[in-house]
Number of protein chains: 2
Amino acid sequence: MSSAEEVRPERISEAEHAVMEALWGQAPLTAAEVADKVGHDRGWSLATVKTLLSRLVAKQAVATQPDGRRFLYSPLLERADYVGTESKRLVERLFGGRPATLFAHLAESEALTESDLSEIEALLKEMRK
Amino acid sequence: MSSAEEVRPERISEAEHAVMEALWGQAPLTAAEVADKVGHDRGWSLATVKTLLSRLVAKQAVATQPDGRRFLYSPLLERADYVGTESKRLVERLFGGRPATLFAHLAESEALTESDLSEIEALLKEMRK
DNA sequence: TCGTTGCGCCTACAGATGTAATCAATCACG
DNA sequence: CGTGATTGATTACATCTGTAGGCGCAACGA
């Protein structure tokens, strides 16, 4: 079910999201470790990662826990919550709040592979039980 | 199928998107007309709408056609294209490019109503033919 | 003890975005 | 013909975002 009493979660930018992914993958992590995981393909400097981390802390999406003279960072915002809000937001904005329309669009634009279809079919069947 | 040779469509912001929606609903329109349709619930001033329109023109998402001393604006970017890119972007970013995962998420978060399910089911059956 | 180094915090700065006001040209009405 | 309303163009300006650099302090190794 995730989350309970949010503090009106401030919006998280795309770059910040990448950092969150790292933390969702493993936590707690030091800034350097996060940089290692993310900066890699993003080509970010350690400084950049640090900035993003502070912003996330300010937005209360990440918690810090002192470890000697440095911090260990852990996600406060749960992935499911983030993903849920973002998805709902998109469906709202682009599909008048109707998920079926999104689905239809993906289907029509051939964004759905055969295996996607099977999976969804399976999920559907599952839900019907 | 829509679109063919895009000019690397520059990203359209959320506010700009609202303006596009107005134009997708009906076009061509004058700036004042767009403002009438959009500024309404957004609480935007005519000036704001004009700014957004120019930015959209600059981004080549909207075309202008002179009509006396003013312009008539029409969408250049097709809705299907926009919606498609945005959806794909989200699926990519949040679901590792797997639409089925998005679907699973919507399902799990109870964002899918019974009628959504039926609709999707119907679409699926349709595609299978 | 003392220099080196790693860390968080503060500052920077350009470009995007949201939201407008102002300006100069022009059209429409009296 | 004069004048107010209209219109696109230009300018404004606070935030947010992406991307860092630099500073001061504390810990660790010699």
Side-chain angles (χ1 to χ4, degrees), chain A residues 8-23 28-74 77 82 85-86 89 93, chain B residues 8-23 27-74 76-77 82 85-86 89 93:
Chain A
R8 172 153 300 298
E10 277 175 84
R11 223 152 142 50
I12 285 176
S13 83
E14 209 169 308
E16 286 159 2
H17 167 237
V19 167
M20 289 305 291
E21 285 295 346
L23 290 175
L29 292 179
T30 68
E33 285 167 340
V34 172
D36 249 35
K37 298 196 139 203
V38 183
H40 224 322
D41 21 75
R42 288 277 189 156
W44 285 337
S45 77
L46 174 59
T48 298
V49 174
K50 283 181 182 177
T51 299
L52 293 174
L53 277 170
S54 339
R55 287 181 184 169
L56 284 168
V57 169
K59 291 181 181 180
Q60 312 208 45
V62 162
T64 58
Q65 146 194 11
D67 170 50
R69 68 212 205 67
R70 63 189 173 170
F71 281 149
L72 295 184
Y73 299 87
S74 319
L77 173 65
Y82 176 71
T85 330
E86 287 306 301
R89 187 185 205 69
R93 219 162 60 81
Chain B
R8 171 151 303 295
E10 277 175 82
R11 218 148 147 54
I12 285 175
S13 82
E14 206 169 312
E16 287 159 1
H17 167 239
V19 167
M20 290 304 292
E21 285 294 346
L23 290 175
L29 292 178
T30 68
E33 287 166 340
V34 172
D36 250 35
K37 298 194 139 203
V38 183
H40 222 323
D41 22 74
R42 287 278 188 154
W44 284 337
S45 77
L46 175 58
T48 299
V49 173
K50 284 181 180 178
T51 299
L52 294 173
L53 277 170
S54 342
R55 287 181 184 170
L56 284 168
V57 169
K59 291 181 181 180
Q60 310 210 50
V62 162
T64 57
Q65 144 195 11
D67 171 49
R69 71 212 202 65
R70 64 192 174 171
F71 282 150
L72 294 184
Y73 299 87
S74 318
L76 250 185
L77 172 64
Y82 176 72
T85 333
E86 286 306 301
R89 189 185 203 68
R93 220 162 58 82

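Since we're looking at a predicted model, the values are computed, not measured. So you know, we letter chains A, B, ... as the sequences are listed, proteins then strands, and number each from 1.
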Mind checking whether A:E86 and A:R11 have side chains closer than 4.5 Å, heavy atoms only?
yes
Identify which nucleotide among D:dG18, D:dT19, C:dT19 has an atom closest to any side-chain atom of A:T48, counting heavy atoms from C-beta outward.
D:dT19
Side-chain touch B:K37/B:L29, heavy atoms, less than 4.5 angstrom:
yes
Using whole Å, what does the distance between atom P of nucleotide C:dC27 and atom CG of B:D67 come to?
12 Å
N or O in side chain of A:K50 less than 4.0 angstrom from D:dC23 OP1/OP2:
no
Write down the distance between CG (B:L56) and C1' (C:dT17), rounded to a whole number of angstrom.
12 Å
How many Å lie between CD on B:E14 and C1' on C:dT19, as a whole number?
15 Å
Nearest-angstrom distance from the residue atom CD of B:E16 to C1' of C:dA20
15 Å
Rounded to whole angstroms, how far apart are CG on A:L53 and P on C:dG8?
8 Å
Among B:I12, B:L77, B:L23, which one satisfies side-chain contact (heavy atoms from CB on, under 4.5 Å) with B:V62?
B:L23
Pick base, sugar-phosphate or nothing for B:T51, based on heavy-atom distances below 4.0 Å to the nucleic acid.
base
Here's a test of your reading of the structure: between B:F71 and A:G68, which maps to the more 5' nucleotide of DNA chain D?
B:F71
Whole-Å distance between C:dC7 C1' and A:L72 CG?
12 Å
With heavy-atom distances below 4.5 Å as the criterion, would you say the side chains of B:L52 and B:W44 are in contact?
yes
Side-chain N or O of B:S54 closer than 4.0 Å to phosphate OP1/OP2 of D:dG8:
no
Looking only at D:dT19, D:dT17, C:dA20, the nucleotide nearest the A:W44 side chain is D:dT19
Is any side-chain N or O of A:R69 under 3.5 Å from a base N or O of C:dG6, one able to act as donor and the other as acceptor?
yes
With nearest nucleotides of DNA chain D determined for B:L46 and B:R55 from heavy-atom distances, which residue corresponds to the more 5′ nucleotide?
B:L46
Round to the nearest Å and state the distance from A:L29 atom CG to C:dC7 atom P.
13 Å
Indicate, with a heavy-atom threshold strictly under 4.0 Å, whether B:A15 touches base, sugar-phosphate, or nothing.
sugar-phosphate
With no hydrogens and no angle check, just 3.5 Å: does a side-chain donor-acceptor pair link B:T48 and B:S45?
yes
In whole angstroms, how far is the P atom of D:dA9 from the CG atom of B:L52?
14 Å
Side chain A:R70 and base C:dT5 donor-acceptor under 3.5 Å
no
